[in-house]
Amino acid sequence: MDSSQEAIKQLNDLMDQVDEHLKDTFEILHQGYPSETFVRFLKARDWSVSKAHKMLIDCLTWRLQNEIDNILSKPIIPIDLYKVVRDSQLVGLSGFSREGLPVFGIGVGMSTLDRASVHYYVQSHIQINEYRDRVVLPATSDLHGRYIGTCLKVLDMTGLKLSALSQIKLLTIISTVDDLNYPEKTDIYYIVNAPYIFSACWKVVKPLLQERTRKKIQVLHGCGRDELLKIMDYASLPHFCKREGSAGLSRHSSPDIDNCFSLDHPFHQELYNYVKQQSQNKALKIPVKLGSFHVEVPDPDPEDTMIVQTIESELHKISDQNGVTHE
């Protein structure tokens, strides 16, 4: 048995000893693929069984304490409020790579994250994670006849400004939730439409990242269309990668249906209807308390805190450069 198989076996043996509540939430987490889930947590802790075990137990405890298993039956209502969240937290599923991996577009530069309470943004983010893991990934696995447990993310830096400083706290909360509870779920982060301000920050942040993380980040030229077309069809490109050249958006498609951030996009319609349906099913059994869903956010890793401080100081430096502006 090689060392990775041995580590998986040890972690499995440790998990056999946990109480039933943790086992139940673990089943929802692994969706029928416990070994692959062990591998994710082991990778995130450099194959240390004891550290991976602690991370997994902490994650399962967080899921129980915050009722994450039920989060897909907690709609953000009314729909006008959900639209406000969607308009200011730009994220969506644009399609799939040729290998079947979901492709998520994220509008980092244009997200304002300032039109609803932090709780709604965190709730929405976790709902998208859970919907990806419980609905989207099992469906694409079935379609391709093999396990698919990760996704690709395309980060649009268009419009990134110094005011991004005000969003760093919320972005840190969201990335902490992902790092600790959804580790190794993204194969590659593609950065597109990167302005000067991103390049300046990237230069100082890149050396601070763990090699594992660094390898996952690819900064593409311009809108990244040509590079991304090597791994996905044109229809799966996020809308912000279709801008270069004359191809652009199809004249026949509605911009909102093509825009993966929009509530009118099929992904968001399906997600919203799914959550609404789940909440109605639950309501038949127990009264559902509506309102924002408060999730306790774990403390960030000290290493991540240092990276955030570095980004903040770099942004301040750029803004202090005698009022010089860079496009």
Exercise. So, for S279 and P75, which heavy atoms are closest and what is the spacing to 0.1 Å?
Worked result: CB-CD, 3.6 Å
Problem set entry | ILVMFWY cluster, I168 and V122 together (side-chain gap under 4.5 Å) | yes
Problem set entry | Heavy-atom side-chain proximity of K74 to E67 below 4.5 angstrom | yes
Exercise. L180 versus D58: any side-chain heavy-atom pair under 4.5 Å?
Worked result: no
Exercise. How far does CG of L93 sit from NZ of K153, to the nearest 0.5 angstrom?
Worked result: 11.5 Å
Exercise. Is there a donor-acceptor contact under 3.5 Å from the side chain of S236 to the main chain of F96?
Worked result: yes
Exercise. Taking atom types as modelled and ignoring hydrogens, do the side chains of Q89 and S124 form a donor-acceptor contact shorter than 3.5 angstrom?
Worked result: yes
Problem set entry | Ionic contact status for K215 with E211, cut-off 4.0 Å | yes
For this session: Would you confirm whether S73, through its side chain, and N70, through its main-chain N or O, come within 3.5 Å as a donor-acceptor pair?
Result: yes
Exercise. Heavy atoms, side chains only, cut-off 4.5 Å: are F240 and M110 in contact?
Worked result: no
Problem set entry | Apart from Y33 itself, residues in the same hydrophobic cluster as defined by side-chain heavy atoms under 4.5 Å | Y147
Exercise. Is it true that F198 and V204 fall in one hydrophobic cluster, defined by side-chain heavy atoms closer than 4.5 Å?
Worked result: yes
Exercise. Quick one: are L170 and Q167 in side-chain contact, heavy atoms under 4.5 Å?
Worked result: no
Exercise. Should we say atom NE2 of H144 is surrounded by more than 12 heavy atoms from elsewhere, each under 6.0 Å from it?
Worked result: yes
Seminar exercise, completed: Between K83 and the options D87, L81, D80, the side-chain contact (heavy atoms from CB on, under 4.5 Å) test singles out D87
For this session: Give a yes or no answer on whether the side chain of Q269 reaches the backbone of L263 with a donor-acceptor pair at less than 3.5 Å.
Result: yes
Problem set entry | Residues Y272 and Q127: side-chain donor-acceptor under 3.5 angstrom | no
Exercise. Could you give all pairs that pass the salt bridge (Lys or Arg N to Asp or Glu O under 4.0 Å) test and reach residues 184-206, with sequence neighbours left out?
Worked result: D133-K185, E184-R212, E184-K216
For this session: Rounded to the nearest 0.5 Å, what's the gap from CD1 on I106 to OG1 on T186? Could you check?
Result: 7.5 Å
Exercise. So, does N66 use its side chain to make a donor-acceptor pair with the main chain of I68 at under 3.5 Å?
Worked result: no
For this session: Specify the closest pair of heavy atoms between K23 and D16, including all atoms of both residues, with the distance to one decimal.
Result: NZ-O, 2.9 Å
For this session: To the nearest 0.5 Å, tell me how far Q5 CD sits from K9 NZ.
Result: 11.5 Å
Problem set entry | Remaining members of the apolar cluster that contains L22, side-chain heavy atoms under 4.5 Å | I8, L11, L14, M15, V18, F26, L29, F38, V39, F41, L42, W47, V49, M55, L56, I57, L60, L64
Exercise. With hydrophobic residues grouped by side-chain heavy-atom distances under 4.5 Å, do L143 and F267 end up in a single group?
Worked result: no
Exercise. Got more than 12 heavy atoms from elsewhere within 6.0 Å of CD, E99?
Worked result: no
Problem set entry | Cluster check V84, V91: I/L/V/M/F/W/Y, side chain < 4.5 angstrom | no
Exercise. So, the side chain of E227 versus the backbone of Y190: is there a donor-acceptor pair under 3.5 Å, distance only?
Worked result: no
Problem set entry | Q277 and N273: side chain donor to acceptor below 3.5 Å | no
Problem set entry | Cluster overlap V177 with Y189, hydrophobic side-chain contacts below 4.5 Å | yes
Problem set entry | Exam field: side chain S175 to backbone T172, donor-acceptor pair closer than 3.5 Å | yes
For this session: Measure up the H268 and H265 rings against each other and bin them: parallel (under 30°), tilted (30 to 60°), perpendicular (over 60°).
Result: perpendicular
For this session: With the side chain counted from C-beta on, respond yes when I231 and L152 share a heavy-atom pair under 4.5 Å apart, and no when they do not.
Result: yes
Exercise. If only atom types and distance count, is the side chain of S111 paired as donor or acceptor with the main-chain N or O of L90 below 3.5 Å?
Worked result: yes
Problem set entry | Counterpart residues, side chain to side chain donor-acceptor pair (under 3.5 Å), relative to T25 (two or more places apart) | R63, D69
Problem set entry | Those residues that, when tested against Y274, pass side chain to side chain donor-acceptor pair (under 3.5 Å) (two or more places apart) | none
Exercise. Any side-chain heavy atom of Y121 within less than 4.5 Å of one from L171?
Worked result: no
Exercise. Can you find a pair of side-chain heavy atoms, one from L72 and one from R134, that are under 4.5 Å apart?
Worked result: yes
Exercise. D178 versus H125: any side-chain heavy-atom pair under 4.5 Å?
Worked result: yes
For this session: Sequence neighbours left out, what passes side chain to side chain donor-acceptor pair (under 3.5 Å) with Y82? Give chain and number order.
Result: R86
Seminar exercise, completed: Tested for side-chain contact (heavy atoms from CB on, under 4.5 Å) against C241, the lone hit among L220, V103, V192, D156 is V192
